[in-house]
Structures are given as structure tokens and as C-alpha cells.
S.K.: 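Can you read through this structure? Questions will come right after.
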There are 2 protein chains.
Amino acid sequence: MKDNNTFHALELELSQMAKCLSHPARIQIITILSKHKDRTCKELVAELPLSQSTVSKHLNDLLEEKLICRKFSGTQSLYTLEWNKLERLFTIFDRLNKRTMINRPKRNCC
Amino acid sequence: MKDNNTFHALELELSQMAKCLSHPARIQIITILSKHKDRTCKELVAELPLSQSTVSKHLNDLLEEKLICRKFSGTQSLYTLEWNKLERLFTIFDRLNKRTMINRPKRNCC
DNA sequence: AATATTAATCGTTAAAGTACGATTGAAAGA
DNA sequence: TCTTTCAATCGTACTTTAACGATTAATATT
């Protein structure tokens with residue numbers, strides 16, 4: 001795009017977060033971490049149809065957006081969900097939901 | 001990715017929808033259409049920091065995901081929001097919200 | 001009929017995304 | 001110490017996304 005600055009901050013933040021969810025592997029990682037408190041890279045690789053290096057890349061993407069957090073433990077990495085960030089994601093999505101759906105006409109006119 | 005089939009349908013649909021929201025222009029288009037019942041391509045171009053051809057492309061992306069709908073009227077195209085589809089989008093996001101956040105630990109333990 | 005308007009499409013370029021296997025470096029276990 | 005294990009990173013390939021200006025085709029306007 002020509003000029004990022006002409007988009008509003010809210011739309012930019014939202015689009016960034018949506019990008020995190022724009023790949024099934026990343027959604028699955030979030031889902032897994034939501035029910036396991038922590039997982040190693042290896043464990044995640046075992047649950048995903050992707051190679052170790054590819055999973056590692058997806059984990060890095062989620063790390064950069066701070067949706068997950070990493071702790072080193074011996075030779076392994078423990079990944080945990082950043083609940084606050086995830087909550088913010090859903091809050092922002094919900095805000096868009098309300099901002100738009102409030103304008104929905106009562107009758108479907110098409 | 002090697003094998004799409006090993007991802008679940010829900011994650012695939014969700015990731016597709018998230019892709020629609022992964023660009024600020026598309027979010028803005030949805031927002032605009034939510035408050036205007038219909039808009040021409042030209043009107044949308046005027047509100048976005050992008051060229052006519054680029055906006056047209058984003059409109060096409062949204063059309064393909066059936067989030068918007070197009071009617072021809074003379075030399076212009078009228079775009080309207082597909083409210084049902086948008087509602088489904090938010091429903092699915094909300095479902096992920098609930099499926100994950102229900103597992104949030106009471107105490108922040110990190 | 002000639003011109004203007006609108007919007008899709010074409011052609012192109014550049015950047016980002018997705019994937020893999022191979023390599024590396026660190027820590028653990030033998 | 002030697003080997004194994006784990007996960008990040010490197011190198012590479014290919015695809016997709018995003019952007020623009022130019023062109024085209026259709027409809028309106030003059």
C-alpha cells in the first residue's frame with residue numbers, strides 16, 4: 001500500500017491480529033495452548049501436519065505479535081499463551097462486530 | 001503447507017475469514033458498507049488511500065469470500081454488505097473466543 | 001457520432017508468506 | 001568426552017499478496 005499512515009490505528013491493529021489467525025496452523029497452536037498451559041515445540045510439531053522448521057516459524061510469528069510467550073528449559077522451549085493479548089484480540093474483534101452489526105437493517109432488503 | 005486435509009474444517013474456514021480482515025483497506029470497506037447500505041467503487045476509492053485498481057482488487061477479494069455483493073447500475077457498480085456472511089464471521093470468531101478463553105486460568109501464574 | 005465516466009482487467013514489479021531439508025548450537029544423557 | 005536431543009536458523013524454492021499505471025469495455029452524456 002502507498003501510505004500506511006492514512007489508515008486508522010484501530011484498523012491497522014485489527015488487521016495485524018487477523019493476520020495471526022489467517023493460517024490454520026496458528027489457530028491450532030492457539031487452541032492447543034489454550035488447553036495445555038505449556039507445550040514444547042516438539043509436542044506442537046507432533047500435532048500439526050508441518051515440519052519442525054515450519055512450526056518453529058509459525059511460533060515465531062505468534063511470538064512477534066506477542067500472542068504467545070517462550071521460556072527456555074534445558075534443550076527445549078516451552079510455549080505458553082499470552083492470555084491478556086488473546087483477550088485483547090477478541091475484544092477488538094467484538095468491537096468491530098458491534099460497530100458494524102448495529103447498522104444492520106431490520107428487514108433484509110435484497 | 002504439505003497437506004491441507006489434516007487441518008480441521010473449522011480452522012480452515014476461520015483462517016479464510018481472518019484473511020479477509022488481514023488488510024486495513026478491507027476492514028475499512030466493511031465498516032463503510034456497514035453504514036451506507038451501498039457504495040460505488042468510486043466512492044470507496046475516495047475514502048481509501050489506494051488507487052482505483054487496487055481498491056477494485058480488494059473488492060474482488062471480498063466478493064470472492066461473499067462478504068459483499070455487487071449490483072451493476074449503468075456504468076457503475078454498487079457494493080453492499082452481505083450481512084449474513086458477516087454475522088457468520090463474527091459467530092465463528094466468537095466461538096473460538098469461547099473455546100479458548102474458557103480455559104483461562106483464574107490466577108495469572110506467569 | 002463523439003466524448004466522458006466508471007470500473008474491471010491486464011501487465012508488471014516488489015514484497016511477504018509458506019514450506020522444506022540441512023545445519024548449527026546448546027544442553028542433557030551416556 | 002562423545003552422543004543424542006531439541007529447536008532455532010539458514011538457504012532455497014515457490015506462491016501469494018499488494019500495489020500501480022495503462023488499457024479496455026460498457027454505459028451515459030453531449
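Below, read A as the first sequence line, B as the second, and so on, with proteins coming before strands; counting in each chain starts at 1.
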S.K.: Is B/Ile29 reachable from A/Met101 through a run of I, L, V, M, F, W or Y residues, each pair having side-chain heavy atoms under 4.5 Å apart?
M.R.: yes
S.K.: Find the distance B/Asp61:CG to C/dA7:C1' and express it as a whole number of Å.
M.R.: 16 Å
S.K.: How many whole angstroms separate atom CG of A/Leu12 from atom P of D/dA18?
M.R.: 13 Å
S.K.: Have B/Thr54 and B/Ser51 got a donor and an acceptor in their side chains that come within less than 3.5 Å?
M.R.: yes
S.K.: Considering only residues two or more places apart or on different chains, which pairs with a residue in residues 62-82 of chain A satisfy ring pair (Phe, Tyr, Trp, His ring centres under 6.0 Å)?
M.R.: none
S.K.: Could you state the atom-to-atom distance from CZ of B/Arg39 to C1' of C/dT6 in whole Å?
M.R.: 16 Å
S.K.: Encode nucleotides 2-10 of chain D as B, S and - characters from 5' to 3', where the letter depends on protein heavy atoms closer than 4.0 Å: B to the base, S only to sugar-phosphate, - to neither.
M.R.: ---BSBBB-
S.K.: Rounded to the nearest angstrom, tell me the gap between atom NZ in A/Lys19 and atom C1' in D/dT16.
M.R.: 12 Å
S.K.: How long is the line joining CD of B/Glu64 and P of D/dA18, in whole Å?
M.R.: 12 Å
S.K.: Only pairs under 3.5 Å count here: list side-chain donor-acceptor contacts from residues 42-49 of chain A, not counting sequence neighbours, and write none if there are none.
M.R.:
residue : atom : partner : partner atom : Å
A/Glu43 : OE1  : A/Thr40 : N            : 2.8
A/Glu43 : OE1  : A/Thr40 : OG1          : 3.3

S.K.: How many whole angstroms separate atom CG of A/Leu48 from atom P of C/dT18?
M.R.: 14 Å
S.K.: Would you find a donor on one side and an acceptor on the other, under 3.5 Å apart, between the side chain of B/Ser56 and the backbone of B/Ser53?
M.R.: no
S.K.: To the nearest angstrom, how far is B/Leu50 atom CG from C/dA7 atom P?
M.R.: 16 Å
S.K.: In whole Å, I'd like the distance from the NZ atom of A/Lys71 to the P atom of C/dA27.
M.R.: 18 Å
S.K.: With a 3.5 Å cut-off and no angle check, do the side chains of A/Asn84 and B/Arg104 form a donor-acceptor pair?
M.R.: yes
